[in-house]
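Lettering of chains follows the sequences in order, A, B, ..., and the numbering in each one begins at 1.
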Amino acid sequence: MQSQYEPKKTEEKWYSFWQEKSLFDAKINPKKKPYCIVIPPPNITGILHMGHALNNTIQDVLIRYKRMKGYESLWMPGTDHAGIATQNVVERSLAQEGLRKEDIGRDKFLERLWGWTDEYGSTIINQLKKLGTSCDFKRTRFTMDEGYSEAVKEVFVRLYEKGLIYKGNYIINWCPRCKTALADEEAPHKEIDGWLYYIKYPVKAQGRPVKPPRGQAASKVTKSPVPDYIVVATTRPETMLGDTAVAINPKDKRYKFLKNCEVTLPIIERNLKVVEDNMVEVSFGTGVVKVTPAHDKNDYLMARKHDLEFVNIMRDDAVLNENAAEFAGMDRFEGRQALLEVLQAKGLLDKKEPYKLSAGHCYRCHTIIEPRLSTQWFVRMKPLAKPAIKAVRDNKVRFYPQRWRKVYLNWMQNIEDWCISRQIWWGHRLPVYYCNNCLGQTGSKSQIPKGNKKGVIVSGIRPEKCPECGSKKLVQEEDVLDTWFSSWLWPFATFGWPFNESQSHPVKPPQGQAASKVTKSQDIKRQREEFNYFYPTDVLVTASEILFFWVARMIMAGLQFIGKVPFKDVLIHGTVRDIRGVKMSKSLGNVIDPLEIIDKFGADALRFSLMLLVSSGQDAYLSEEKFLVGRNFANKLWNATRYILSRVPRTACRVPRLNRKDLSLADKWILSELNILIKETTSNFEKFRMDEVAKSIYDFFWHKLCDWYIEISKVEKDKNKENLLIFVLDTVLRLLHPVMPFITEEVWQKINSSKKQGSLMVSEWPAGLKIKALKSEIDSFLALKELIISLRSFKKDLGLYERIEMMVGSGDKRRSRVLKDNLEWVSFLARANIVIGKTSCKESISTANKDFDISLSREFIKDADIHKRKIEKKIEELSGVITSQKNKLSNSSFVKKAPQEVVSGVREKVKVCLDERERLKRIRWS
RNA sequence: GGGCGUAUAGCUCAGAUGGUUAGAGCGCUGCGCUCACAUCGCAGAGGUCUCUGGUUCGAAUCCAGAUACGCCCACCA
């Protein structure tokens with residue numbers, strides 16, 4: 001074994017070993033309880049980033065832990081077709097050839113997409129393997145798999161038949177670059193710097209003159225004169241071209257006169273209606289709102305209420321259309337500038353003020369979205385949300401950390417309908433067919449009124465003819481479904497749901513299994529049984545970013561289609577950020593590539609460091625050097641193993657049974673510490689506290705096993721020691737394996753070399769130890785440990801580095817005896833030749849700790865100043881403690897009200913401190 | 001405009017159900033290649049636990065308020 005651990009030499013070896021032995025595979029096992037996690041399917045366009053590394057490490061750690069704990073662990077892997085993202089990638093490559101997707105047509109474009117998917121779609125899955133992920137890869141699913149598509153269609157049809165899917169003309173988020181509708185969640189609002197423009201709209205008194213008849217009080221006349229114009233404020237001036245009204249608040253007295261006026265839209269010269277609506281905020285802008293029903297969500301709602309005209313002024317690429325008069329053909333922002341110039345020239349631009357506004361941005365390409373009136377498909381969400389709210393309220397689904405529960409409930413209670421149609425080509429095409437014959441009579445298919453099903457056929461299988469008129473002229477809906485409309489089925493569609501015998505494409509059997517040997521119905525039966533065994537899954541591990549996109553919708557889908565929640569626990573971890581706290585992103589260039597870290601430090605180092613850093617849902621601030629902890633720990637483990645193996649002959653190397661007999665004080669101590677570690681680690685895993693798991697193993701291994709026990713073992717070379725060293729190491733390897741699978745397997749194989757080859761990853765999780773140490777024994781050991789530290793410190797303060805003779809005594813007989821029994825290793829570790837007994841002050845210089853008095857011959861001392869100051873400081877410190885503790889005791893309500901054990905604890909503390917201080921005070925310096 | 005999170009050593013963070021004159025890692029100082037490990041060992045320095053009130057015998061820990069930073073949601077043009 002080399003003195004430095006080299007991860008590259010072991011990682012690949014053991015990963016293929018596990019795969020060859022099919023250790024990642026899961027199947028129904030009636031003797032075991034199931035444990036199942038479905039992977040949040042990464043986009044096929046994705047490449048592994050630190051967020052994936054974190055997310056998947058957590059899952060792998062849990063899966064491996066439960067597997068060792070005796071569960072049948074299934075980690076279901078797969079990828080997501082990521083509609084818009086993937087289409088964008090392929091469009092870009094097309095653009096390099098100077099082509100647009102329209103040039104080659106839908107079929108050819110889809111061919112390209114499938115080609116890309118076949119070539120690059122599994123990149124991320126292969127990268128995941130480098131992390132050590134123990135997914136059952138034979139089950140790898142893709143949201144566009146034939147079988148999966150059946151589930152998507154089934155769900156669409158079921159929802160449609162229940163009246164939960166409808167088609168309607170609404171204002172939706174439109175990305176003019178991707179040229180598709182987006183759901184609200186896909187268009188996050190971001191603040192941008194803009195301007196608030198104040199524009200004058202000419203006003204004319206209507207019909208009868210407003211002028212009052214002669215003789216009436218003049219004051220009343222001057223109260224509401226009709227001005228030449230009113231001023232509206234807007235951040236998007238170009239939309240004025242689509243204005244069909246202006247609105248005021250009914251309570252706003254300032255504009256009462258407008259009811260009898262004609263307002264004209266400049267440039268277009270259109271008459272605008274004047275409407276009153278409470279939605280108008282009196283205090284904002286001028287109190288008058290321009291209403292653009294086809295380009296703003298609020299205006300749209302207002303228009304519906306007041307029966308206004310809709311004027312669309314933009315094409316799908318946000319270029320102004322023929323309704324935009326002279327500005328037609330200009331891009332929206334170009335048009336804005338041009339329009340402003342015209343307004344300026346005409347004296348209609350009152351003023352402009354800098355203004356921060358928040359606008360939706362496409363979550364794929366970051367283009368500012370344009371609210372657009374268009375016909376889309378929607379899912380009615382309220383009925384789906386209701387049971388999903390109840391399930392969380394009833395703790396059928398629990399969130400970790402719990403605060404996300406509130407966020408979830410808040411969102412669900414205010415949920416709006418989900419726009420699911422997308423005007424792209426890559427995705428599941430809606431299982432909707434139009435009969436041209438029937439629709440010919442009612443008009444174009446974009447104007448199907450809500451609820452009118454005539455000529456619209458929704459079916460999982462393409463119908464041959466129209467059930468209404470028999471026509472064979474059927475056309476399938478061009479739109480595809482939102483990617484999340486397939487992802488929300490992930491926890492059950494991956495198992496082959498809906499298990500229809502009649503479905504055209506059953507889920508393909510696991511790779512390697514001959515398809516012909518398995519009949520379709522057997523296959524479906526197997527899938528159904530597996531589903532019943534593994535569903536509901538156990539935990540979903542995810543970042544908070546997709547709580548609404550995905551997690552909430554999965555809960556709704558699970559309850560709606562299966563009648564059971566899809567998972568019991570939702571573990572939400574933090575976001576990965578750079579060292580300054582900025583979210584890592586490729587465009588910012590602040591990413592740390594996990595593959596590079598693996599290359600430099602090893603996958604185990606990456607995993608261990610990540611686990612250490614993500615404490616209960618907090619964001620992790622990363623830099624390359626933070627991974628050194630993991631690397632160093634791996635190296636420590638490696639070298640400790642090297643030492644232990646040097647002590648134990650290889651041929652005899654196997655994990656022993658422990659014998660209660662002949663255990664030394666140190667043995668008892670380390671076993672008792674190990675026992676605590678087993679308990680803590682197990683309970684921390686159950687609480688999803690992977691940071692605590694990593695921390696406590698690290699602490700035990702490094703600072704208890706290596707710093708003390710192994711050091712002691714260099715002196716205390718009894719027969720038991722070898723067995724114990726192997727035993728403790730073996731136990732730690734088991735505990736650590738979920739977090740650091742590679743090095744633990746490598747080491748475990750070495751210390752189990754005499755056994756026939758098994759694998760650590762499927763060996764048993766450590767149970768609590770039966771051997772118990774007495775409290776007094778542990779106490780004695782700790783006193784010796786403290787003594788060693790005091791001896792070292794004492795020497796150090798006196799500037800002594802040689803192995804010298806030191807005198808140690810104790811007033812306590814038991815302490816003296818224990819010291820005598822363990823003198824050899826105490827001396828070794830203290831680097832001193834210890835003599836038990838007392839010496840006179842004249843010849844020696846002394847110190848004391850809680851249990852022992854220490855002194856050494858004056859002949860060694862050159863300079864005792866540091867030591868003297870330290871003693872003084874220590875005395876001061878002790879006095880402080882004594883005073884504060886005594887104060888407590890003199891407080892009668894403390895003695896009365898505090899628990900007995902606390903009071904006696906304080907008394908004990910005072911006693912001990914007094915004693916130590918007394919002994920320190922006795923030290924004479926000359 | 002709502003909702004949430006975080007403020008503890010120079011840095012990154014631990015500190016269930018209140019009882020420690022507050023812990024770790026990194027960094028820093030000093031010493032050491034003690035035969036597993038310099039990706040190491042040993043000994044140290046370093047904190048009025050953001051502020052102000054309150055509850056309590058007792059608060060880093062619970063409550064209220066303030067301040068700072070961060071995040072999410074929302075139809076103020």
- Message: Surrounding NZ of A:K273 (heavy atoms of other residues, nucleotides or ligands, distance under 6.0 Å), is the total greater than 12?
- Response: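 Yes, the 6.0 Å shell around NZ holds more than 12 heavy atoms from other groups.
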With rounding to the closest Å, how many angstrom separate the [atom1] atoms on [N] and [M]?
| N | M | atom1 | answer |
| --- | --- | --- | --- |
| B:U6 | B:U17 | P | 13 Å |
| B:G25 | B:A14 | C1' | 10 Å |
| B:A60 | B:A9 | C1' | 14 Å |
| B:A59 | B:U8 | C1' | 14 Å |

Just compare [options] and give me whichever is closest to any side-chain atom of [X].
| X | options | result |
| --- | --- | --- |
| A:R577 | B:C37, B:C71, B:C57 | B:C71 |
| A:N635 | B:A77, B:U39, B:C75 | B:U39 |
| A:T234 | B:G41, B:C75, B:A77 | B:A77 |
| A:R792 | B:C37, B:U39, B:A43 | B:A43 |
| A:C706 | B:C57, B:A36, B:U39 | B:A36 |

Which protein N or O atoms sit under 3.5 Å from an N or O of nucleotides 44-50 of chain B?
residue: B:G44; atom: OP1; partner: A:S793; partner atom: OG; Å: 2.9

- Can you give one letter per nucleotide of nucleotides 22-34 of chain B, 5' to 3': B if a protein heavy atom sits under 4.0 Å from the base, S if only from the sugar-phosphate, - if neither? ---S----BS--B
- Item | Nucleotide-resolved protein contact map, nucleotides 4-11 of chain B, B/S/- at heavy-atom distance under 4.0 Å | SSS-----
May I ask you to verify if any side-chain N or O of [X] is less than 4.0 angstrom from the OP1 or OP2 atom of [N]?
| X | N | value |
| --- | --- | --- |
| A:K297 | B:A77 | no |
| A:R689 | B:G15 | yes |
| A:Y355 | B:A77 | yes |
| A:Q885 | B:U21 | yes |

Using a heavy-atom cut-off of 4.0 Å across all strands, would you classify [X] as base, sugar-phosphate, or nothing?
| X | answer |
| --- | --- |
| A:G880 | base |
| A:P899 | base |
| A:D707 | sugar-phosphate |
| A:K626 | sugar-phosphate |
| A:N410 | nothing |

- Message: Which residues pass the side-chain contact (heavy atoms from CB on, under 4.5 Å) test with A:S790, not counting sequence neighbours?
- Response: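 Listed in chain order: A:N849, A:I854.
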- Query: Below 4.5 Å, heavy atoms only, C-beta onward: do A:E673 and A:L677 meet side chain to side chain?
  - Reply: no
- Are any non-hydrogen side-chain atoms of A:L54 and A:M611 less than 4.5 angstrom apart? yes
- Within 45 degrees of the axis of the six-membered ring of A:Y801 and under 6.0 Å from its centre: does A:K796 put its NZ or CZ there? no
- Item | A:W195 six-ring centre to A:R336 NZ/CZ under 6.0 Å and within 45° of normal | no
- Query: How many angstroms lie between CG in A:L637 and CZ in A:F701, if you round to the nearest 0.5 Å?
  - Reply: 4.5 Å
- Item | For A:W638, all residues meeting ring pair (Phe, Tyr, Trp, His ring centres under 6.0 Å), sequence neighbours excluded | A:Y5
- Task: Determine which bases of RNA chain B form Watson-Crick or G-U wobble pairs with both distances under 3.5 Å, and write the result as a 5' to 3' dot-bracket string with | for other-strand partners.
- Result: (((((((..((((.....[...)))).(((((.......))))).....(((((..]....))))))))))))....
- Query: When you look at A:K850 and A:E916, which way does the salt bridge (Lys or Arg N to Asp or Glu O under 4.0 Å) test go after all the steps?
  - Reply: CA-CA 6 Å; A:K850 198 154 72 65; A:E916 188 180 347; over 6 Å; no
- Query: So which one's nearest nucleotide on RNA chain B is more toward 5', A:D184 or A:K290?
  - Reply: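 Of the two residues, A:D184 wins.
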